[in-house]
Colleague: 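Before I ask anything, here is the structure I am working with.
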Amino acid sequence: MRKTAFTISIKTALSLCLLASPAVGLAQSVSSIENASSNTQLKRCGTNHPSIKEAVLKEQHFSTLRGSSDINSESHTLRPVGSVSIDVYFHVITDNSNNGALSNSEINSQMAVLNDAYASTPFTFNLVSTSVTANNTWYNVGYNSSAEQSMKNSLRVGDAGDLNIYVAEISDGLLGWATFPSSYSSDPLDDGVVILTGSVPGGDASPYNEGDTLTHEVGHWLGLYHTFQGGCFGRGDYVSDTPAERSAAYGCPVGRDTCTRGRNADGEDPVTNFMDYTDDNCMYEFTEGQATRADEQSSTYRGL
């Protein structure tokens with residue numbers, strides 16, 4: 001096992017995501033910024049996140065659906081480890097010259113990383129099929145583009161509980177993006193995860209080439225926000241055991257502590273968490289609270 005997926009400790013507790021570069025927003029004020037990755041050509045994540053106000057409204061709707069009056073309720077009983085099996089449909093997009101092709105071994109390695117990361121959560125991932133499509137336009141698909149819409153309309157299979165993964169040489173320097181469970185009912189064909197070909201294990205997107213871009217994006221697909229959602233104030237990522245974090249972390253700045261006041265301020269930043277922006281070899285865990293939230297979200301919105 002490459003990584004320990006899930007530990008519980010005090011330490012691990014809609015705008016586009018920040019660039020994977022220290023020269024962005026609040027990241028400039030973090031003292032450990034020199035530890036950020038030198039690979040500034042890549043953007044860690046393009047998943048569309050709600051504003052703080054939008055997140056509150058979404059949580060209220062979520063609470064109504066699950067019959068709870070407390071939007072930060074922890075009454076849910078986490079289902080047993082490995083009890084929720086998710087069917088996976090892998091869509092490899094190449095250009096007409098076969099650039100971007102992945103071998104069965106590379107795909108299996110990516111699936112192994114995914115299952116390893118979620119090994120102490122209720123979720124397991126079962127690869128049902130792999131499709132390979134040569135399409136020059138889809139090969140450089142962009143976020144929220146007509147190419148993305150066309151690609152997904154043509155290739156997506158299954159229902160709300162089926163995970164469709166699209167792998168391509170995506171544009172805009174993004175490593176990937178995903179849709180949230182709550183978005184499925186309004187646009188089911190858009191549902192799924194898109195990742196950069198070079199982010200799979202052994203790919204060329206170093207230091208993001210150990211397969212954890214998919215781990216991160218599947219976290220969104222299951223309902224998790226970034227650990228730095230909301231910064232130091234408000235309800236953050238709506239998980240009580242991830243210490244609040246002012247901004248995304250890059251590289252592997254273990255010991256960073258950017259929030260000293262506010263809800264969940266106790267504890268160092270969760271830079272080893274899969275839902276931060278650190279290098280693949282730095283992130284290795286989900287918290288119990290994250291596993292519980294993902295379990296609730298996937299059960300409520302995906303029927304898993």
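Note that the structure is predicted; figures quoted are calculated from it, not measured. Keep in mind that the numbers below use all heavy atoms, side chains included, and drop hydrogens, waters and symmetry copies. Residues: numbered from 1 along the sequence shown.
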Colleague: Assign the ring pair H220 / H226 to parallel, tilted or perpendicular, where the plane angle (0 to 90°) is split at 30° and 60°.
Modeller: perpendicular
Colleague: Enumerate the disulfide (SG to SG under 2.5 Å) contacts for residues 197-246, please, sequence neighbours excluded, ordered by first and then second residue.
Modeller: C232-C259
Colleague: Please enumerate all residues that pass salt bridge (charged side-chain N to carboxylate O under 4.0 Å, His left out) together with D237, with sequence neighbours excluded.
Modeller: none
Colleague: Of all residues at least two apart in sequence or in a different chain, which pass the side chain to side chain contact (heavy atoms under 4.5 Å, CB included) check with A112?
Modeller: none
Colleague: Are the aromatic rings of Y277 and F228 close, with centres under 6.0 Å apart?
Modeller: yes
Colleague: State plainly whether the residues R261 and D266 are in salt-bridge range, i.e. N to O under 4.0 Å.
Modeller: no
Colleague: Could you list all the disulfide (SG to SG under 2.5 Å) pairs where at least one residue sits in residues 108-199, not counting sequence neighbours?
Modeller: none
Colleague: What is the minimum heavy-atom distance between F286 and T215, and which atoms define it?
Modeller: CZ-CG2, 3.9 Å
Colleague: Tell me the disulfide (SG to SG under 2.5 Å) pairs involving residues 117-217, sequence neighbours left out?
Modeller: none
Colleague: If you take all heavy atoms of T278 and M283, which pair is closest and at what distance?
Modeller: O-CE, 3.3 Å
Colleague: Should V218 and L163 be marked as a side chain to side chain contact (heavy atoms under 4.5 Å, CB included) after you check the CA-CA gap, both sets of side-chain angles, and the distance that decides it?
Modeller: CA-CA 9 Å; V218 169; L163 174 58; 3.9 Å; yes
Colleague: Taking the six-membered ring of Y225, is NZ or CZ of R293 closer than 6.0 Å to its centre and within 45° of its axis?
Modeller: yes
Colleague: Just to verify, what does F125 make a ring pair (Phe, Tyr, Trp, His ring centres under 6.0 Å) with, not counting sequence neighbours?
Modeller: Y118
Colleague: Return the set of residues passing side-chain hydrogen bond (donor to acceptor under 3.5 Å, both in side chains) with N108 (not counting sequence neighbours), or none when no residue passes.
Modeller: none
Colleague: Restricting to salt bridge (charged side-chain N to carboxylate O under 4.0 Å, His left out), what partner residues turn up for D187, sequence neighbours left out?
Modeller: none
Colleague: Test L174 against Y143 for side chain to side chain contact (heavy atoms under 4.5 Å, CB included), laying out the working first.
Modeller: CA-CA 9 Å; L174 287 168; Y143 174 78; 4.0 Å; yes
Colleague: Verify the distance criterion only: is there a donor paired with an acceptor across the side chains of E285 and T272 at less than 3.5 Å?
Modeller: yes
Colleague: Test of understanding: with side chain to side chain contact (heavy atoms under 4.5 Å, CB included), list the residues that count as partners of T130, not counting sequence neighbours.
Modeller: F90, V92, I107, L127
Colleague: Would you compute the distance between atom CZ of R256 and atom OH of Y250 and round it to the nearest 0.5 angstrom?
Modeller: 8.5 Å
Colleague: I'd like to check the side chain to side chain contact (heavy atoms under 4.5 Å, CB included) partners of T260; sequence neighbours left out, ordered by chain and number.
Modeller: none
Colleague: If we ignore hydrogens and angles and just use 3.5 Å, is the side chain of S298 paired with the main-chain N or O of A294 as donor and acceptor?
Modeller: yes
Colleague: If I compare all heavy atoms of A244 with all of G231, which pair ends up nearest, and what's the gap?
Modeller: CB-O, 4.0 Å
Colleague: To check you understand the geometry: which heavy-atom pair defines the closest contact between C282 and G251, and what is its length?
Modeller: CB-O, 3.8 Å
Colleague: Could you walk me through whether V141 and I93 satisfy the side chain to side chain contact (heavy atoms under 4.5 Å, CB included) test, starting with their C-alpha distance in whole Å, then the side-chain angles of each, then the deciding distance to 0.1 Å, before giving a yes or no?
Modeller: CA-CA 9 Å; V141 63; I93 311 299; over 6 Å; no
Colleague: Do W221 and Q297 have side-chain N/O donor and acceptor atoms under 3.5 Å apart?
Modeller: no
Colleague: Looking at V200, L175, V113, I165, which one forms a side-chain contact (heavy atoms from CB on, under 4.5 Å) with L214?
Modeller: I165
Colleague: Which heavy atom of N136 sits nearest a heavy atom of D95, and at what distance?
Modeller: OD1-CB, 3.1 Å
Colleague: For H91 together with Y166, are the ring centres under 6.0 Å from each other?
Modeller: yes
Colleague: I need the minimum non-hydrogen distance between E148 and W177, along with the two atoms involved.
Modeller: OE2-NE1, 2.8 Å
Colleague: Partners of E106 by salt bridge (charged side-chain N to carboxylate O under 4.0 Å, His left out), sequence neighbours excluded?
Modeller: none
Colleague: Looking only at the side chains, is there a donor atom on one of T47 and E217 sitting less than 3.5 Å from an acceptor on the other?
Modeller: yes
Colleague: List, one per line, each side-chain donor-acceptor pair under 3.5 Å for residues 80-88, sequence neighbours excluded.
Modeller:
residue : atom : partner : partner atom : Å
S83     : OG   : P80     : O            : 2.7
D87     : OD1  : N126    : ND2          : 3.2

Colleague: Would you check if there is a donor-acceptor pair between the side chains of N273 and T227 at a distance under 3.5 Å?
Modeller: no
